[in-house]
Number of protein chains: 2
Amino acid sequence: MNRAADGAGPSGGIQGRIKRLIIDENLEPGAPLPTEVELVQRLGVSRNSVREALKALQAVGIVEVRHGFGTFVGSMSLEPFVEALTFRTVLGQRQGRQSLLELLELREAVEAGLVRRVVGRIPEDDLTRLRHLVGVMRQDAESPEGHARTDREFHVTLYQALDNPLLSEVLDAFWDALHQVSGDLAQPHRPSETWREHQEILKAVRAGDASRAEDAVRRHFDDIRARLTRTAAAG
Amino acid sequence: MNRAADGAGPSGGIQGRIKRLIIDENLEPGAPLPTEVELVQRLGVSRNSVREALKALQAVGIVEVRHGFGTFVGSMSLEPFVEALTFRTVLGQRQGRQSLLELLELREAVEAGLVRRVVGRIPEDDLTRLRHLVGVMRQDAESPEGHARTDREFHVTLYQALDNPLLSEVLDAFWDALHQVSGDLAQPHRPSETWREHQEILKAVRAGDASRAEDAVRRHFDDIRARLTRTAAAG
DNA sequence: AGAGGTCCAACGTCCTACGTCCTATGTCCT
DNA sequence: AGGACATAGGACGTAGGACGTTGGACCTCT
């Protein structure tokens with residue numbers, strides 16, 4: 001029964017009452033919230049309590065506070081979740097758990113299953129874009145920074161055809177978390193031959209072969225796993 | 001560049017410094033953190049600031065505060081994420097977006113892909129348990145509360161064989177979010193014939209037929225979608 | 001009309017005091 | 001001796017006030 005202790009539902013909790021205020025007034029992301037002082041008056045608590053509640057809501061993206069300007073309804077992106085997952089994974093890794101591997105294989109399991117579905121459904125524009133991205137990877141295969149962004153866009157674009165913005169966000173969140181953890185634990189790797197694996201995925205998807213696409217994705221993650229387990233040993 | 005504004009990495013931010021403290025001292029979940037007063041001294045800031053930082057970290061599960069006892073390293077479960085996702089979905093739904101449908105189809109897309117993989121890998125114990133759960137669903141098909149818990153355990157048990165605790169947690173988080181949103185937006189439904197769908201999934205999995213299992217999962221979600229779109233219209 | 005500076009509402013930090021809760025310790029009873 | 005109960009202390013929770021800092025809005029001057 002930590003419902004009250006944590007997010008504090010619509011019960012007496014300050015956070016819950018602010019959340020309820022957003023719901024009741026149907027405020028969209030970006031809409032202004034009452035000022036801290038107004039909330040103090042409305043909720044009948046001290047400014048300290050109001051600020052702590054806002055800070056907690058800000059931490060999960062429900063509220064956005066802009067210094068000297070006001071408080072607003074937040075974007076509620078998955079970024080706070082990514083940060084927490086990153087932290088948790090880094091900490092777990094330091095404590096002997098295989099949390100990095102778990103995160104990687106979470107991505108593998110999900111994406112390998114999804115790629116089957118996306119086969120044959122990718123519009124021509126996206127295919128063109130994917131082909132272009134593979135080309136970019138092949139070209140500047142030496143820039144770790146640029147490669148990351150390209151790799152990210154490839155994965156995002158690949159699953160765009162599933163036509164589910166939330167799904168895309170979630171996949172991107174997992175990508176981001178893995179990326180950040182890798183950056184914290186391992187040395188920046190040489191992109192090496194990664195572009196080939198992406199090309200294989202793209203070819204299989206274009207060919208309309210679901211099983212081959214799934215295999216290609218798994219091979220891609222096999223390669224990442226190899227690199228990661230190699231460098232993470234010196235964690 | 002909202003890294004500093006949000007979680008505040010190891011930069012000057014108080015949150016970041018507390019997170020760094022956990023990492024540096026390699027504290028496991030449940031381990032005690034310095035008291036607020038000690039943190040005040042260590043970090044050289046006021047108690048207010050310390051408390052706000054702790055509140056933010058608590059909101060994402062990194063820290064757990066127990067009234068009158070102390071602050072501890074949190075469990076870092078996905079529960080805060082579930083709550084945020086729930087809130088976001090409810091709010092989005094009220095604002096005309098199809099966020100509930102998105103959440104449902106996120107689960108469908110992911111689980112339909114995963115069930116193919118789990119085919120033929122479920123140990124006998126789990127299969128027995130799954131069969132039992134289907135039986136339970138069939139029996140007390142009238143208790144909405146009990147049915148929810150059984151349904152949840154079915155899905156958790158089904159994907160247990162993938163042997164990835166993080167994946168299980170994520171799937172459970174999605175289940176939980178959808179469940180909470182449904183509770184907030186729709187009337188409690190009559191479990192009706194859901195048990196049959198679960199039985200179909202189980203039979204396909206036992207038969208080792210990946211495609212049939214995927215279809216069974218999709219049919220299951222089709223049914224949920226039908227119920228949801230029917231009752232959510234009166235939101 | 002545009003560039004610049006000023007004003008001020010609103011958030012950020014700090015300090016102090018007091019209330020509340022939980023645990024641990026110790027006592028008393030059985 | 002062992003357990004139930006009362007107590008004391010530490011630690012978090014809330015409150016109120018004061019001052020610093022920021023950034024958008026408005027006004028002025030050119």
Side-chain angles (χ1 to χ4, degrees), chain A residues 1-9 11-19 21-22 25 27 29-75 80, chain B residues 1-9 11-19 21-22 25 27 29-75 80:
Chain A
M1 292 304 129
N2 51 359
R3 173 111 308 145
D6 199 9
S11 56
I14 321 265
Q15 294 177 233
R17 290 170 71 183
I18 296 177
K19 283 164 73 173
L21 188 153
I22 296 174
E25 309 222 355
L27 302 177
L33 253 55
T35 68
E36 293 179 355
V37 178
E38 286 174 331
L39 285 174
V40 165
Q41 298 166 344
R42 269 209 222 186
L43 305 180
V45 294
S46 77
R47 191 170 157 224
N48 267 346
S49 302
V50 167
R51 281 185 56 79
E52 285 186 9
L54 288 175
K55 201 88 190 219
L57 292 176
Q58 183 184 29
V60 293
I62 292 180
V63 153
E64 182 187 349
V65 179
R66 289 205 272 167
H67 187 176
F69 190 34
T71 70
F72 305 83
V73 178
S75 61
Chain B
M1 291 302 135
N2 51 0
R3 174 111 308 147
D6 198 11
S11 56
I14 321 269
Q15 294 178 231
R17 290 171 69 185
I18 296 177
K19 282 164 71 174
L21 187 153
I22 296 174
E25 308 221 356
L27 302 177
L33 252 55
T35 68
E36 293 179 355
V37 178
E38 285 174 332
L39 285 174
V40 165
Q41 298 165 346
R42 270 208 219 186
L43 306 180
V45 294
S46 76
R47 190 169 158 226
N48 262 345
S49 302
V50 167
R51 281 184 56 79
E52 285 186 8
L54 289 176
K55 203 86 191 226
L57 292 176
Q58 184 185 29
V60 293
I62 292 180
V63 154
E64 182 187 349
V65 179
R66 292 204 278 171
H67 187 176
F69 190 33
T71 70
F72 305 82
V73 178
S75 62

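Proteins get letters first, then strands, A, B, ... in listed order; numbering begins at 1 in each. Since this is a predicted model, take the numbers as computed values, not measurements. Hydrogens, waters and symmetry mates are skipped; everything else that's a heavy atom, side chains included, is used.
A side-chain hydrogen bond (donor to acceptor under 3.5 Å, both in side chains) check over residues 62-73 of chain B, counting only residues at least two apart or in different chains, returns nothing. Every pair tested for ring-ring contact (aromatic ring centres under 6.0 Å, His included) that includes a residue from residues 43-65 of chain B fails, sequence neighbours excluded, so the list is empty.
Between the CG atom of B:Leu27 and the CG atom of B:Leu33 there is a distance of 6.0 Å, given to the nearest 0.5 Å. For the atom pair CD (B:Glu36) and CG (B:Leu54), the distance works out to 6.0 Å, reported to the nearest 0.5 Å. To the nearest 0.5 angstrom, B:Lys55 atom NZ is 12.5 Å from A:Lys55 atom NZ. Taken to the nearest 0.5 Å, the CD atom of B:Gln58 stands 9.0 Å off from the CZ atom of B:Arg51.
When the side-chain contact (heavy atoms from CB on, under 4.5 Å) test is applied to A:Val40, the partners found at least two apart in sequence or on another chain are A:Arg47, A:Val50. The side chain to side chain donor-acceptor pair (under 3.5 Å) check on A:Ser46 picks up A:Ser49, with sequence neighbours excluded. For A:Pro34, the side-chain contact (heavy atoms from CB on, under 4.5 Å) partners two or more places apart in sequence, or in a different chain, are A:Leu21, A:Glu38, A:Leu39, A:Arg42.
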For nucleotides 12-22 of chain C, read 5' to 3', which letter fits each nucleotide if B means a protein heavy atom sits under 4.0 Å from the base, S means only the sugar-phosphate is that close, and - means neither? BBBB-B--BBB
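Nucleotides of DNA chain D lying under 4.0 Å from heavy atoms of chain A occupy a range whose first and last members, 5' to 3', are D:dT14 to D:dG24.
With the end axes of the helix from C:dA1-D:dT30 to C:dT30-D:dA1 each set by five pairs, the angle from one to the other reads 10° at 10° resolution.
When all heavy atoms of B:Ala56 and A:Ala59 are compared, the closest pair comes out as O-CB, 3.4 Å.
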